[in-house]
Every structure is written in C-alpha cells, then in structure tokens.
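Below is one structure, written out as structure tokens; the observations come after it.
The analysis underlying the following values was restricted to heavy atoms, covering all of them including side chains, and did not include hydrogens, waters or symmetry mates. If you're wondering where the values come from, they're calculated on a predicted model, not measured in any experiment.
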Amino acid sequence: MLTAVWLHPEGPPRLAERFDSAAWPPDDGSRLWLDLQAPTDEEFAILEEPFGFHPLAIEDCLTPEHQPKVEDFGPYLFLIFRGIDFAAPEDELRTLKLAAFLGPGFLVTYHRAPLRSVGAIRDKYAAGGRARFRGLDYLLYEILDRMVEFYFPALETVDGEIEKIEEELFADPSDETLDRILAAKRRSLEIKRTLDPHREVFSRLGRGEYEEIDPATVTFYRDLYDSSYRLVEVADGYRDLLTGALDAYLSVVSQRLNEVMKVLTIFATIMLPLTFIAGVYGMNFEYMPELGWRYGYFAVWGVMLAVAGSLLWFFRRRGWL
C-alpha cells in the first residue's frame, strides 16, 4: 500500500494513494512524505526510480531483522528503527522494522506491516486539517516519538507482572510463578536489547551531525535519546528485580525441601534404634535372654516407645521440631 502526503507550510496537507514519478520534484515547493506499507513490486520500484536510493539501502529495507542504524549517503539519510508489533500475542514481544529515507524535500518510510506510530501521524496530516508542519525532520521525529511511547506500556506490563510475582512469592509460589518470572525477565531483556541500539542513533541525531536535521529539531531528538535511555534503565531495573525474585523463589523452594528433608530425617532417626531393637529380637537363636519370658514382648514394646519418646523430647528441646 502506498500513501503520498504532500505537505506545504502555507496550505493544508494533500493525500494521494498513488505517486506520479513524472511530477517529481514538485514545482510549488511542497514536501513529500511517501509511506510504503507492504508495497507491491511496482510501488517498491519507486525507491530506485525516481529517487535513486543506494542498492545497499534498498537491500536493507528487505531485511526484516535489521538492527537500528543511521547512514549518511550524502544527499539523504538512511535510518532504521524498530517499533512494537501489536499484532503479536500478548505474552510475546515482537518488533517491526521501519526504514526511512530523509532528504531534501522528501521523507520515504517503508515497513512490511502496519505500524501504529506511522498510522497515527499519517492520520494527523492526511485528515485534511491544518496540522502545523515544521519540516520533514520534525515529521520523522513525531513518528519516532510515538514509536518510543509505545514501549512504556510494554514496560508497565512487566511492572504489573512483578507485582503479581511478589504476591505469589509471599503467598504460595508454584511452578507457574517460575514461568511468570522467566517470561517477565525475557520481556524486559527484549525491550532493553531493542532500545539499546536506538540510543546510539538518537544520540547521533541529537548531536547535530547531519545537515538533514534542522538545528531547531535537534533538541527533539535529544528528547528521544532521553526517553530511550530512561526506558533502558527501567528495563535494567526490572531485570534486577526479577533476578532477585528468581533467587527468592529458589530460596523458598529450597526451604520447602529442607523442611521435608528435616521431617524425613527425624522419622528415620527415630526408626533407627527401633529397627535395631526389632532386628536383635528377630534373630533366630535358640538361646537368647527374655525369649522365654512371659512379658518379653510387652517389655520390648515399652523400650521401643520409651526410646522414641526420648528422641522426640530431645529433638524438641534442641529446637529441631
């Protein structure tokens, strides 16, 4: 799907669902935002003609797992970012690549699936209203700002999971608690790994290294760097909390095991002398004391009960019970 948004500081935005390469560049000073969402081969060919983007940049557009970066090709910048894929299952964090070409008079964005950040800004400018147009570099900032904002709810989900995990740890931790801990830890780690490369890109854009970024817009990209830095720090903090929760879970499980082993050990210790007594009087010798005694059976039972009671009293006095 192709969407062309023509922007002019003196007039309202104009939306078109086709792009006439013969009319490029425009004569009226308009700026073009061309958005390619899962384009056809014919639409994708626009990147080669009339824009003439570098073949390596075009190849990177087709690589779905490419990491965020910024490259200066002289007349234009080529950038890659990653936004949250809201079509993924709730328990899974997936990202979609957004490739952008920013040059004099044009911004071309490419993504293989719908991105909410792109859709929100496209609706803002293409609804026929008089949204203030500050330049294509600022328009790209608006897209990226929305993209970064969507990571905050993802971290809030991790925060909610941590609260549930803490409640279960103090109540009755189970195997599901361990699954929750590992899933939340994996999500926080994925967010950190995704946003870490963005920090470097936002840092370079916020330092004013590129002519395509107006000095008045550089401050906004610094804000993106601050937001991504804060997100990474929060994700790191959550990961540390979850590591502590995992240690606490293992400690609780180990404590439970120790309690079970203590009870079993006490039973085994009590049964040991009783087994010895029963074994001695179970030997088949003809001449043994007390074998002919009328009350021998009851005496042995009395001794065994006395031994068991003495051991229980001793364990309780030592605080082992």
Side-chain angles (χ1 to χ4, degrees), residues 64-68 80-98 111 113-117 119-120 144-203 223-267 319-321:
E65 302 301 328
H66 210 294
Q67 290 300 306
I80 291 179
F81 306 95
R82 302 203 69 87
I84 292 179
D85 182 7
F86 289 94
E90 291 185 3
D91 58 345
E92 183 179 352
L93 179 70
R94 289 203 307 241
T95 59
L96 291 171
K97 182 184 68 178
L98 172 68
H111 46 105
L115 279 168
R116 288 188 182 181
S117 54
L144 300 178
D145 184 49
R146 293 290 184 94
M147 182 179 291
V148 172
E149 282 182 359
F150 287 135
Y151 281 96
F152 283 97
L155 273 179
E156 290 175 1
T157 302
V158 177
D159 184 56
E161 282 294 304
I162 291 176
E163 292 182 0
K164 295 178 182 178
I165 289 168
E166 290 176 343
E167 292 176 358
E168 292 182 7
L169 284 176
F170 286 106
D172 186 23
S174 61
D175 292 341
E176 293 182 359
T177 306
L178 178 60
D179 294 338
R180 282 180 179 271
I181 294 173
L182 296 179
K185 190 174 184 180
R186 182 173 60 251
R187 171 164 288 205
S188 61
L189 182 60
E190 288 172 348
I191 292 175
K192 180 183 183 299
R193 286 178 176 173
T194 302
L195 288 172
D196 250 344
H198 285 89
R199 288 198 299 179
E200 175 63 23
V201 176
F202 294 147
S203 175
D223 181 69
L224 288 178
Y225 171 80
D226 292 338
S227 296
S228 60
Y229 180 85
R230 186 165 65 252
L231 282 166
V232 171
E233 290 298 307
V234 172
D236 262 338
Y238 285 165
R239 187 179 61 170
D240 292 339
L241 286 175
L242 290 165
T243 300
L246 180 59
D247 292 339
Y249 172 83
L250 295 176
S251 297
V252 171
V253 173
S254 177
Q255 179 65 22
R256 283 181 175 177
L257 180 62
N258 289 339
E259 291 292 333
V260 173
M261 293 302 297
K262 182 174 72 171
V263 173
L264 294 177
T265 302
I266 289 173
F267 273 107
W320 296 347
L321 280 177

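- Shown here for Glu190 and Thr194, the closest heavy-atom pair between the two residues is O-OG1, 2.8 Å.
- The two residues Ser228 and Phe202 make their nearest non-hydrogen contact at OG-CD1, 3.6 Å.
- In plain terms, the two heavy atoms of Val252 and Pro173 that are nearest each other are CG1-CG, 3.5 Å.
- Using a 4.5 Å heavy-atom cutoff, the side chains of Leu189 and Arg193 are in contact.
- Between Leu98 and Ile80 there is no side-chain heavy-atom pair separated by less than 4.5 Å.
- Closest approach of Val148 and Ser227 over heavy atoms only: CG1-CB, 3.9 Å.
- Residues Leu115 and Lys97 share a closest heavy-atom pair of CD1-O, 4.4 Å.
- Atom CD1 of Ile191 and atom CZ of Phe152 lie 10.5 Å apart (nearest 0.5 Å).
- Smallest separation of non-hydrogen atoms from Leu224 and Asp145: CD2-CA, 3.6 Å.
- The distance from the CG atom of Leu241 to the CG atom of Asp159 is 9.0 Å, given to the nearest 0.5 Å.
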field: Residue pair Leu96, His111: steps toward the side-chain contact (heavy atoms from CB on, under 4.5 Å) verdict
entry: CA-CA 7 Å; Leu96 291 171; His111 46 105; 5.9 Å; no

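- Comment: Asp226 does not engage Arg230 in a salt bridge, judged by the lack of any side-chain N to carboxylate O separation of less than 4.0 angstrom.
- For Phe150 and Phe86, the ring centers are positioned less than 6.0 Å apart.
- Remark: the backbone N or O of Arg82 is paired with a side-chain donor or acceptor of His198 at under 3.5 angstrom.
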task: Report the C-alpha separation of Glu92 and Arg186 in whole Å, then their side-chain angles, then the decisive distance to 0.1 Å, and conclude whether the side-chain contact (heavy atoms from CB on, under 4.5 Å) test is met.
output: CA-CA 10 Å; Glu92 183 179 352; Arg186 182 173 60 251; over 6 Å; no

- request: Carefully, step by step, assess Leu242 and Ile165 under the rule side-chain contact (heavy atoms from CB on, under 4.5 Å).
  value: CA-CA 9 Å; Leu242 290 165; Ile165 289 168; 3.9 Å; yes

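- Using modelled atom types, one finds no donor on one side chain facing an acceptor on the other under 3.5 Å when comparing Arg146 with Ser117.
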query: Between Thr95 and Tyr151, is a side-chain contact (heavy atoms from CB on, under 4.5 Å) present by the stated rule, with each step listed?
result: CA-CA 11 Å; Thr95 59; Tyr151 281 96; 3.9 Å; yes

